[in-house]
Amino acid sequence: MSAARAVLVPFLLTRALVAAVALAATTLVPPSAICRNACDASSIAILNVAARWDGDPYLTIAREGYSADNVSLVAYFPLYPFLMRLGGALFGSDDAFLAAGVVISNLALFAALVYLARSVMLDHDAKTATRAAVYLLVFPTTVFLSAVYAESLFLVLAIAAMYHARRRDWLLAGALAALAALTRPFGAVVALPIAIEALRRPIAFRGLAATLLAPAAFFAWLAVLWLITGDSRALLTAQAQWGGRPGLSLQAFADLFDPAVYSFPYFVIAFTVLIGALAVVSWRVLRPSLAAYATAVFLVAISTGSLTSAPRYYLAVFPAFIALAVIAPAWLGRAYVPLGVTIGMLLTAMFAQWYWIG
């Protein structure tokens with residue numbers, strides 16, 4: 001079975017369900033008090049629900065670019081809004097930019113699933129590959145994979161970079177990692193698994209050289225931000241404006257039990273325990289490169305000073321879903337899928353009506 005055939009049906013079914021639940025929620029679920037009036041980004045319903053929360057900053061960047069007058073936008077890396085701008089340039093309207101964002105997210109998600117299946121098939125059978133794709137697709141924060149967010153774009157670049165590193169396509173792997181570094185603030189971490197794969201080869205000087213492309217892209221972007229804003233610490237300044245405090249802090253975990261921060265922390269706790277456990281398990285059942293990547297991204301997710309966005313960041317820990325597909329007995333898989341779908345429908349409905357879910 002080809003990788004595309006292995007993931008096509010789960011992709012179509014879950015994306016249709018996400019869209020249907022989000023649209024239904026706009027009429028069946030009362031909106032959050034945060035945004036009861038004048039928060040709509042589009043008159044087109046599907047674009048409107050896809051553009052909640054981070055959709056607005058990405059739209060602003062696609063439309064206007066970065067500037068010293070709005071430093072908070074610096075927290076959002078450039079590749080995704082740049083592609084939105086390219087996609088919507090023909091019409092130049094907000095709807096065109098948002099439509100481009102939705103198309104990019106969903107095409108990137110499908111490509112990510114294909115690469116995920118191909119990666120799994122290097123070591124396991126097609127059924128395991130399909131299970132890994134399904135487990136990712138039904139993770140409860142799945143709505144972000146189809147919304148105007150950079151999650152799917154980063155996912156395809158990260159998975160593809162590691163896949164091509166396995167195949168010794170070093171230049172391509174490095175280029176994809178560099179693009180990942182321009183997609184998310186932690187994107188340069190993709191250089192780590194490439195370096196590990198290179199070190200597993202007898203002579204892989206090109207592989208080690210390719211690992212330099214991602215950090216080079218990251219620091220080049222920081223230099224551009226310095227030129228734009230006049231602030232050499234522009235990224236940290238922007239993250240501070242959004243409440244980000246890089247570093248592993250016990251306060252982030254203590255806040256879980258503060259009603260003023262989390263009204264219902266149990267989903268965050270459960271997702272953190274699950275992904276953390278699978279990151280640990282990955283060291284026993286997956287290649288060191290995948291396990292190292294999973295561990296690094298998980299640590300990044302819990303080291304932002306708050307766990308409020310961690311459930312979304314966990315989508316990037318794709319080796320966790322491979323590990324689950326490898327080790328889970330049939331009964332556990334049958335339990336995980338309906339539970340993930342049920343919670344995912346709830347969180348999708350909340351997202352559509354401006355409730356914070358990550």
Is the backbone of Thr308 close enough, under 3.5 Å, to the side chain of Trp356 for a donor and an acceptor to pair up by distance?
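Such a contact is found between Trp356 side chain and Thr308 backbone.
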
Between [X] and [Y], a side-chain donor and acceptor under 3.5 Å:
X: Asn70; Y: Ser67; value: no
X: Tyr313; Y: Thr304; value: no
X: Asp95; Y: Ser42; value: yes
X: Arg131; Y: Thr128; value: yes
X: Arg312; Y: Thr141; value: no

What residue among Val134, Leu116, Leu136 forms side chain to side chain contact (heavy atoms under 4.5 Å, CB included) with Phe321?
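By the side chain to side chain contact (heavy atoms under 4.5 Å, CB included) criterion, Phe321 pairs with just one of Val134, Leu116, Leu136: Leu136.
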
Residues [X] and [Y] bridged, charged N to O under 4.0 Å:
X: Arg206; Y: Asp169; result: no
X: Glu197; Y: Arg287; result: yes
X: Asp123; Y: Arg166; result: yes

Flag yes if more than 12 heavy atoms outside Phe82 fall under 6.0 Å of its CZ atom; otherwise flag no.
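No - once you tally the heavy atoms of other residues, nucleotides and ligands closer than 6.0 Å, there are 12 at most.
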
For residues Phe298 and Thr272, determine if any side-chain heavy atom of one lies less than 4.5 Å from a side-chain heavy atom of the other.
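Yes, close enough: below the 4.5 Å cut-off.
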
In one Ile/Leu/Val/Met/Phe/Trp/Tyr side-chain cluster, 4.5 Å: Trp226, Tyr66
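Per the 4.5 Å side-chain linkage, Trp226 and Tyr66 are not co-clustered.
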
Tell me whether the centres of the aromatic rings in Tyr115 and Tyr163 are closer together than 6.0 Å.
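Under 6.0 Å, so yes.
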
